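Here the structure is laid out as structure tokens; the discussion comes afterwards.
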Number of protein chains: 2
Amino acid sequence: MAMRDAMDVLSGKWKIPIIGALRLNGKLRFMDLLREVDGIAAKMLSKELALLESNQIISRTVLNTKPITVEYELTEHGKTLEGVITEIWKWGDLHRKKVIGEKKAA
Amino acid sequence: MAMRDAMDVLSGKWKIPIIGALRLNGKLRFMDLLREVDGIAAKMLSKELALLESNQIISRTVLNTKPITVEYELTEHGKTLEGVITEIWKWGDLHRKKVIGEKKAA
DNA sequence: CCTAGTACTTTCCTTTAGGAAACTACTTAC
DNA sequence: GTAAGTAGTTTCCTAAAGGAAAGTACTAGG
């Protein structure tokens, strides 16, 4: 079941792009994420952030500014995804070169 | 895009369980996979095998038996998923212990 | 000619994922 | 009081994923 647990956390179109944006930028506010994560709609961003927070991958901090802003960032647990992400990226790159290249050539 | 390429190959409910069954057993026939991959229906197995084959993760060999049987196994390229799979498994196990355990305890 | 076993494929249906647009609620500046 | 900026939520819709059951096509055995 460990495989399924991990895939559930990462599945869907947006979770990895959101994690990627937070990995690169550190803290980001809701509106920043809307701009950084290309093409995402507010509904999906809101929903995915809630799921990632419930899995303790990111933290949500309401700042006492006016108007209020909300900062999201990776938790320590979220940062442990580093190895998974680089491994997936490396294989995706290999696969892209080996298989997807051939498909286009054919 | 490498991330998306890799996730496409592994996404969905059944691809990883199918790869897992082939990793453990070596060669398996269609009916073997129906039995090994718990809960999968013939339609889904057939569709997922075709996708995995088109991505060169598995090979499909028709044997000249009566009735004919078809053997599936991981290709060399499919075996390069090893690192990804163990990394995902390791993280899933960590996540399960850290987060899913807490959820049940709460 | 009927049954059983192989490997699928087809049909019909429900569930889930995702998206566009409008709307809520609060606050500050004008 | 109204416009603009914050962070969402709600509604309504389409598309994609998944599942149960029946059907197809081939062959061998009785």
Side-chain angles (χ1 to χ4, degrees), chain A residues 1 3-22 25-55 57-74, chain B residues 1 3-22 25-55 57-74:
Chain A
M1 289 271 75
M3 290 298 304
R4 188 105 305 274
D5 294 334
M7 290 305 285
D8 283 347
V9 170
L10 300 178
S11 69
K13 190 172 177 181
W14 298 114
K15 294 194 196 71
I16 289 181
I18 291 170
I19 292 169
L22 291 173
N25 297 281
K27 300 180 182 180
L28 286 177
R29 291 172 298 135
F30 189 86
M31 292 307 258
D32 295 332
L33 281 163
L34 264 186
R35 292 180 202 109
E36 285 288 327
V37 180
D38 197 49
I40 198 170
K43 186 188 77 171
M44 289 308 296
L45 181 55
S46 173
K47 188 197 287 183
E48 299 290 57
L49 288 172
L51 282 172
L52 289 171
E53 195 193 353
S54 84
N55 277 311
I57 307 304
I58 62 173
S59 62
R60 178 179 183 276
T61 311
V62 179
L63 298 180
N64 199 14
T65 54
K66 300 123 190 184
I68 60 155
T69 50
V70 179
E71 268 180 4
Y72 294 92
E73 67 179 318
L74 290 180
Chain B
M1 291 269 77
M3 289 298 305
R4 188 105 304 275
D5 295 335
M7 291 304 286
D8 283 347
V9 170
L10 301 177
S11 69
K13 191 172 177 179
W14 299 114
K15 295 194 196 71
I16 289 180
I18 292 169
I19 292 169
L22 292 172
N25 297 283
K27 300 179 181 180
L28 286 176
R29 290 172 300 134
F30 190 86
M31 292 307 255
D32 294 333
L33 281 163
L34 264 187
R35 291 178 203 110
E36 286 288 328
V37 180
D38 197 49
I40 197 169
K43 186 189 76 170
M44 289 307 296
L45 180 55
S46 173
K47 187 197 287 184
E48 299 289 59
L49 288 171
L51 282 172
L52 289 170
E53 194 193 356
S54 84
N55 277 310
I57 307 302
I58 62 173
S59 63
R60 177 180 185 275
T61 311
V62 179
L63 298 180
N64 200 14
T65 54
K66 299 121 190 185
I68 59 154
T69 51
V70 180
E71 267 180 4
Y72 295 92
E73 67 179 319
L74 289 179

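This one's a predicted model, so the numbers in the text were calculated from it and none came from an experiment. Because only heavy atoms are used, hydrogens play no part in the values below, and waters and symmetry mates are left out as well, while side chains stay in. Protein chains get the first letters and strands the later ones, always in sequence-line order, with residue 1 at the start of each.
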Sorted by number, residues from residues 63-71 of chain B placing a heavy atom under 4.0 Å from DNA chain C are B:Pro67, B:Ile68, B:Thr69, B:Val70
Heavy-atom contacts under 4.0 Å between residues 4-22 of chain A and DNA chain C, which residues? A:Gly12, A:Lys13, A:Trp14
Report the residues that fulfil side chain to side chain contact (heavy atoms under 4.5 Å, CB included) with B:Leu74, sequence neighbours left out, ordered by chain and then residue number. B:Ile19, B:Leu22, B:Arg23, B:Ile57, B:Ile58, B:Lys79
When rounded to whole Å, the CG to P distance for the pair A:Leu28 and D:dT6 reads 14 Å
With B:Thr69 via side-chain hydrogen bond (donor to acceptor under 3.5 Å, both in side chains) - residues at least two apart: B:Thr65
Partners passing side chain to side chain contact (heavy atoms under 4.5 Å, CB included) against A:Ile16 (at least two apart in sequence or in another chain): A:Leu10, B:Met3, B:Met7
Does A:Lys15 come within less than 4.0 Å of A:Glu48, counting only side-chain N to carboxylate O? yes
Rounded to whole angstrom units, what separation is found between the CG atom of B:Leu51 and the C1' atom of C:dC8? 15 Å
Can you sort out which residues in residues 33-47 of chain A have a heavy atom within less than 4.0 Å of DNA chain C? Ascending by number, please. A:Lys43, A:Met44
In whole angstrom, what separates B:Tyr72's OH from C:dT6's P? 14 Å
What is the separation between atom CE on B:Met31 and atom P on C:dC8, rounded to the nearest whole Å? 11 Å
Looking at B:Arg60, does any N or O in its side chain come under 4.0 Å of the phosphate oxygens OP1/OP2 on C:dC8? yes
